[in-house]
Every structure is written in C-alpha cells, then in structure tokens.
Amino acid sequence: MSKTVLKVENLNMHYETIAGNVSAVRDVSFELKEGESFGLVGESGCGKTSVAMSLLQLQADNAKISSGSIKLNDEELVTKTEKELRKIRWKGISIVFQGAMNAWNPVVKIGEQIREAIREHYPNNSKEENSEKIKKLFDIVGLEHSIMNRFPHELSGGMKQRAVIALALSCDPKVLIADEPTTALDVVIQDQILKEISKVQELLGLSLIYISHDIAVIAEMTSNMAVMYAGSIVEMGKTSEIFSNPRHAYTKLLLESTPSIVGEKKKLRSLDGEPPSLIGDIKGCTFSPRCPEPSDSCKNQSLEMGLIEAAPDHFVDQCCVECV
Amino acid sequence: MKKNVIEVKNLEKYFEVNSGFLNRNKSIVKAVDNISFDIPLGESLGLVGQSGCGKTTTARSLCLLDQKTNGEVKFYNTETQEMDDIDNFDDANLKKFRRNIQMIFQDPYESLNPRWTIKDIILEPLNIHNIGTLNDREEAVKEILTTVGLTPPENYMPRYPHELSGGQRQRVSIARTLVMKPKFVVCDEPTSMLDVSIRISIMDLMLNLAKDLEVSYLYITHDLAVARYMCNRIAVMFNGKIVEIAETEELLKNPIHPYTKRLISSIPVPDPQYQRQEYELNYDELDEIIKNNPDDDMVDIGGNHYIATHDVKDSLY
Ligand SMILES: Nc1ncnc2c1ncn2[C@@H]1O[C@H](COP(=O)(O)OP(=O)(O)OP(=O)(O)O)[C@@H](O)[C@H]1O
Ligand SMILES: Nc1ncnc2c1ncn2[C@@H]1O[C@H](COP(=O)(O)OP(=O)(O)O)[C@@H](O)[C@H]1O
Ligand code: SF4
Ligand SMILES: [Mg+2]
Ligand SMILES: [Mg+2]
C-alpha cells in the first residue's frame, strides 16, 4: 500500500458576496496516494477550481475556509501562516492554473519568468544552475531550449501550455494539480499535452490531481476519481469501477452524455436545467431538481447526506444509495 | 438523382500577410486551398480539423462574409429548384440568399448584441427581410423560442443576453438563425463553449430541427466525437485542404489518410478500459493510391469515400 501524500477531511469553503455566502466547497474529503493520479470531474461552477485553490491556500480574498483539514504528509496546512505557506506552495503542492497559458507576463521572456519562480525557492542557486534546471525542465515537457529567450506572444497555445507545466515543475513539487490544462487547446495539441503530463508524472513520481469537465479525459488520465456536484463530492472510487458501475444518478448522466468515436453510435442523454444556487441553506439532494428518476424519499429535504462506502473503495452520497 | 443543397468546386481563399523586418515582406496564406464538396439536401457534413486548418475561413467564404479568391459555389434555390451560382447574384438575389443561408457562431455571447432584448435580437432578421406583419413577426418569435426550448417565451423575450446562461444564449442564437427557416446553416463550433451536459441538449435540438424543418448543416468542429453524433458525412481538413471525405462510420472504421488516422488517434475515449492505438505515420496506403491515380486530386476508393492525393510528406509528422 503506498503512502498517503495528501489528506483532505471535511473541507468547507465559501465566498463572501453581497448576495450572501456562496458555499463552493461543501464537506469535501479525499486522499491522494504517492504516485497516484486522481481525477476531479463535474460541470462548470461545481467547485473544482475552488477545491484546488483551497489546497494551495491561494483562494480569492473573499474566500474563507470555515472548517476542515488539509494535510500534506501529515502537516496541517489550514492553520499555517502565509509565510509558512509560501515554503510549501510550488515546492510541496504546485498547480497548472486554469487559463494559465494566457497569464504569462507579455513583456518578459519565458525563461526569465521561470527563473524568477525558481529564485524564490532556491535563492542560493547560481545563474548557471538555474539555466541548467530550466533546460532540463524544457527537455521533460518537450520544448526546445531556445524558447527560453522568446516572449509569450511568439509561442503557440500548445507551447505556452508546455512552458506553464515546466514552470509548475520548477520547484520540484510532490503534488501537481492540473486544472483543465487543455481546455482552450484543440484535440491534437490536447493529446500531446496529456501524454506529456502522464510522462512527467511517471518520470518524477508525482502525485497528480487532474481537474476536468470532460469525462473522456478523466478516463484517460486517472486511476481514481471523484465526481463533484454543487460543491460536494457525490461519488468517488477507482476510475474503472466508476465507469463500469456508476451509482449516483448524476454520474450516470455524465457518462451517458459523452459522445465517443468508438463502439456503437448511441443516443446520448441530456441534462436539462441549471445547477442549484450555492447561496444560503442547502439541504437534501442538490441534484434532485434535475434528476431523471427521483424517488419519493429523494424529495425529503431532511435526508442524510455525505459519502458512504457502498462497495469496497467505492463511495457514493448516501441519499443515492437506496433510491437508484 | 438526389439534389444538393450546396456544391463547392475548387474553392480558394488567400490572405495577404505582412512578415519579416518592419513587415516589409508580403506573403500569401492559403487558408482555403482548392477544396470541393457537395451536401445532399437534408444531410449534414462535418468539417473537422486542427486549429488554424481553415475551417472558419471556409465557412465565411461560403456565407459571403469573406470574398472568395477562386472557385465556384452553388446553392439550391427552393423556388426554382435549380442551383444558383453565387457569382451571378444581383442585389435582390443576394438578399434572398442571406435569408436561406445562416451561420451560428462559437461564442453565443459575442454574437448577440448585449444591449438588445431577446425579442429584438430574434426580430431583427425578420425586420431586415421584411417578413410578414408586425404581428406575424412577434408570433414567429414566440414560436421559435418555444421550439428551441425557451418556454414560456414571454419569460425570455424581455431579457438581455447577460441574464441568460451559456446554454440559453446558444439557444437564442439558434432561434435567431432558424426563425428565417433557412435550408442551410453553417455552424462553427456552436457547442464548444458549453458544458457537456448542456451540449447534448443543444445538439439534439439541432438534430430534431434538421429533421422537422429539413435543414442541412455544415458542422464545424475539431472534435470527431461531436461530428459523429451530428453528421452523415465527415470531411477532414488539413492545411487548407480537404484530405478525406466519407460517410461518418466508414471514415471512423476505415480511415486511409495519415492525417485522418492521426486525428482519430488523438480523440480521448470515455472508457478507462479502452487502449488507444498509438499513431504511427505511414504513407504506404496513400502512396499506393497516388501511384494508381496520377491525374486525380481526389480519388473515390469506393462507397463515396474520397482521398486527396496531394503530397503531405513535408507538412505532416
Ligand atoms: N483575416 C485573416 N488574415 C490573415 N490570415 C488569416 C485571416 N483569417 C484567417 N487567417 C489564417 O488562415 C488560416 C485558417 O484560419 P481559420 O480561422 O479558418 O482556422 P480554423 O480551422 O477555423 O481554426 P480554429 O479551429 O482555431 O477556429 C490560419 O493560418 C489563419 O491564421
Ligand atoms: N471569487 C469568487 N467570489 C464569489 N464566488 C465565486 C468566486 N470564485 C468562484 N465563485 C463561485 O464558486 C462556485 C465554484 O466555482 P469554481 O470553483 O470556479 O468552479 P469550477 O472550477 O468547478 O468551474 C461557482 O458558483 C462560482 O461562481
Ligand atoms: S438522491 Fe434521489 S434525487 Fe438525488 S440524485 Fe439520487 S436518485 Fe436522484
Ligand atoms: Mg474551474
Ligand atoms: Mg475557427
């Protein structure tokens, strides 16, 4: 059994807004093992990025973690000061942000921007050491060394994204979070980047949290996964098990609404309606207004929520265990 | 013989771009480089390919949003039941043409005027083309909003685009397009900005409308899985050229062109057990076809399955 690197328990995070508190992360718990790739999937706005930002303690100014624990190698992160966190960020946990390839400073050369990040964590490195390091990183992600001296606008989308991955790896992290790293790219480039991330993960023995709204990419990239809906994990387990034996009504719909180029051509199911507002009190099954087959008990707002182990290593929201 | 809704022959669109020191050099980008295809009435063709291969430029040339450089484009005229050459259009024809050919864009937000209500947005094409009385027009707006699933229509008509979700906005732009009852609609990645779950309801909506109103689509996407769901046939585009065209299932089962194979091998499959085939560049099959057909641009290898015979060895790797 490999070691647990990251353990998240009953994490709750909300954003304070004029309209009220937006409960973006609700009672989220999961574990990440050494060398594992863990997928987080769900539709836009379900809280995937909010989970990622909480793990790094990089959430927006109006965000508050109200309860829960995040342990990196048994070290509690939630109670750490900003100064202590700085040492962990990028080195302990690193992230490829959603949309990061468009976040390069346009007037600074790519290599210089990566060098700056390294300097912060390894202030004693010589200039040569840093250059050597960047060259090595570029080899890993498949970029020519000369790209170091180029400005962001001189690179294609795929190249910019590779450079973002190099940046994320620059301080030798143990855990890498990739938040929709290929969403703006087209399929051929996406495929190259996915392969690159898998290769890097294996080569460096990283633990990976891969975030996507695309269930096909999660199938390719991860060995374990969690399905999020309205701020909560509604189902979690081995990726192969969830695909072959989905239990939650939302997971089933996600799987049946994804087109594929292999197998028989199937009629796909659509999911109508909108996700619920995350403002105010949230009670009972959040998916019930859109659920195709809610049972009578589902509408009971006092139903107990929370994951239970329905089969070995297969967790599902307890409200959905009985009725589906 | 089955009639076509559109016939495209040797279409080309070039752009002149500045390059080099102080932009002193002019060079030509062949964004669309000699492509030909037909779409039978009521059928839909998928146009797939990597970013920058020329899909949008093709669409814009067909819809007369861009002036084509060379080639012939003919559309089916519902009144005369003949094919009209777009080069022969006078002003009156052109107006009618714009009514029959519509385009749906990738970003539903950018293509809707943010200061107009949903009602005004859908009324606009009816007003421009002076269709029916004011009353008829308002009825048409209500009817089409109901058709695209925005019910009751009265709830949506007074709203502004920013008051709708992405999926609802895309429904509005489909409604605006279809209120003109066009025969041919060019769709440029109409669902790529939407969540998977909403995507299917928009695609199903478009498929149902195609059936009920006999609309043909030229459906542009870089995702073959989406093209498979939407289209009878698929054309694969690479570097401004169509390299392969076939019935959808035939193309997926029996791809010949190395670029088609590469595109297919890069699509993620929503099944963790599935082992994707590693793509290996191999020109043997294509070389054989080129050798046996030295004079043809496109070769039918049987069953309306066409392969382009131009040399791609310099550009494909
Ligand atoms: N107005 C223009 N001036 C110069 N070059 C252009 C212009 N429009 C497009 N191009 C070039 O023509 C080629 C085809 O572009 P096009 O937008 O048709 O690609 P596409 O297949 O739609 O790509 P995507 O999947 O990214 O939308 C590209 O090389 C592009 O840079
Ligand atoms: N800074 C913020 N202030 C207020 N609400 C926010 C903020 N950032 C995100 N949200 C809200 O939190 C919820 C979860 O968002 P996010 O984590 O970005 O979802 P995802 O990454 O799954 O698309 C959404 O309802 C979103 O609108
Ligand atoms: S608990 Fe009931 S309403 Fe909720 S997802 Fe499961 S079946 Fe549907
Ligand atoms: Mg996000
Ligand atoms: Mg385009």
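Keep in mind the model is a prediction, meaning the values are calculated, not measured. Every chain is numbered from 1, with letters handed out A, B, ... down the list of sequences.
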Heavy-atom count check: over 12 atoms from other residues, nucleotides or ligands less than 6.0 Å from A/Glu202 CD? no
A/Glu154 atom CD: more than 12 heavy-atom contacts under 6.0 Å: yes
Do the side chains of A/Lys267 and B/Tyr229 get nearer than 4.5 Å, heavy atoms only? yes
Top contributor to chain B contacts, counting heavy-atom pairs under 4.5 Å, from A/Gln190, A/Met221, A/Glu264, A/Glu256: A/Glu264
Taking the side chain from A/Glu220 and the backbone from B/Val269, do they hold a donor-acceptor pair closer than 3.5 Å? yes
If I measure from the heavy atoms of chain A, does B/Leu252 come under 4.5 Å with its side chain, its backbone, both, or neither? side chain
Might you point out which heavy atoms bring A/Gln192 and B/Arg262 nearest each other, and give the distance in Å? NE2-NH2, 3.9 Å
Does anything in residues 222-232 of chain A reach chain B? List residues with heavy atoms under 4.5 Å apart, or say none. none
Determine whether more than 12 heavy atoms belonging to other residues, nucleotides or ligands lie under 6.0 Å from atom CD of B/Glu154. yes
Of B/Arg276, B/Met203, B/Gln273, the largest count of non-hydrogen pairs under 4.5 angstrom with chain A goes to B/Arg276
With only heavy atoms counted, which part of A/Ile189 is less than 4.5 Å from chain B, the side chain, the backbone, both or neither? side chain
Give, as side chain, backbone, both or neither, the part of B/Thr248 having an atom under 4.5 angstrom from any heavy atom of chain A. neither
Heavy-atom donor-acceptor pair, A/Asp186 side chain to B/His222 backbone, under 3.5 Å: no
Could you tell me which of B/Leu224, B/Asp204, B/Ile267 has the largest number of non-hydrogen atom pairs under 4.5 Å with chain A? B/Ile267
Find out whether A/Leu271 and B/Ile200 are in side-chain contact, i.e. whether some heavy atom of one side chain is under 4.5 Å from a heavy atom of the other. no
Atom NZ in A/Lys195, atom OG in B/Ser266: separation rounded to 0.5 Å? 7.5 Å
Under 3.5 Å: donor-acceptor pair, side chain of B/Arg228, backbone of A/Pro259: no
Contact check, side chains of B/Asp271 and A/Val262, non-hydrogen atoms, under 4.5 Å: no
Shortest non-hydrogen pair, A/Val188 vs B/Leu263, comes out as CG2-CD1, 3.7 Å
For atom NZ of A/Lys266, is the number of surrounding heavy atoms from other residues, nucleotides or ligands below 6.0 Å larger than 12? no
Looking only at heavy atoms, which two atoms of A/Ala216 and B/Pro268 are closest? And how far apart? CB-O, 3.7 Å
Checking A/Glu241 against chain B: side chain, backbone, both or neither under 4.5 Å from a heavy atom? neither
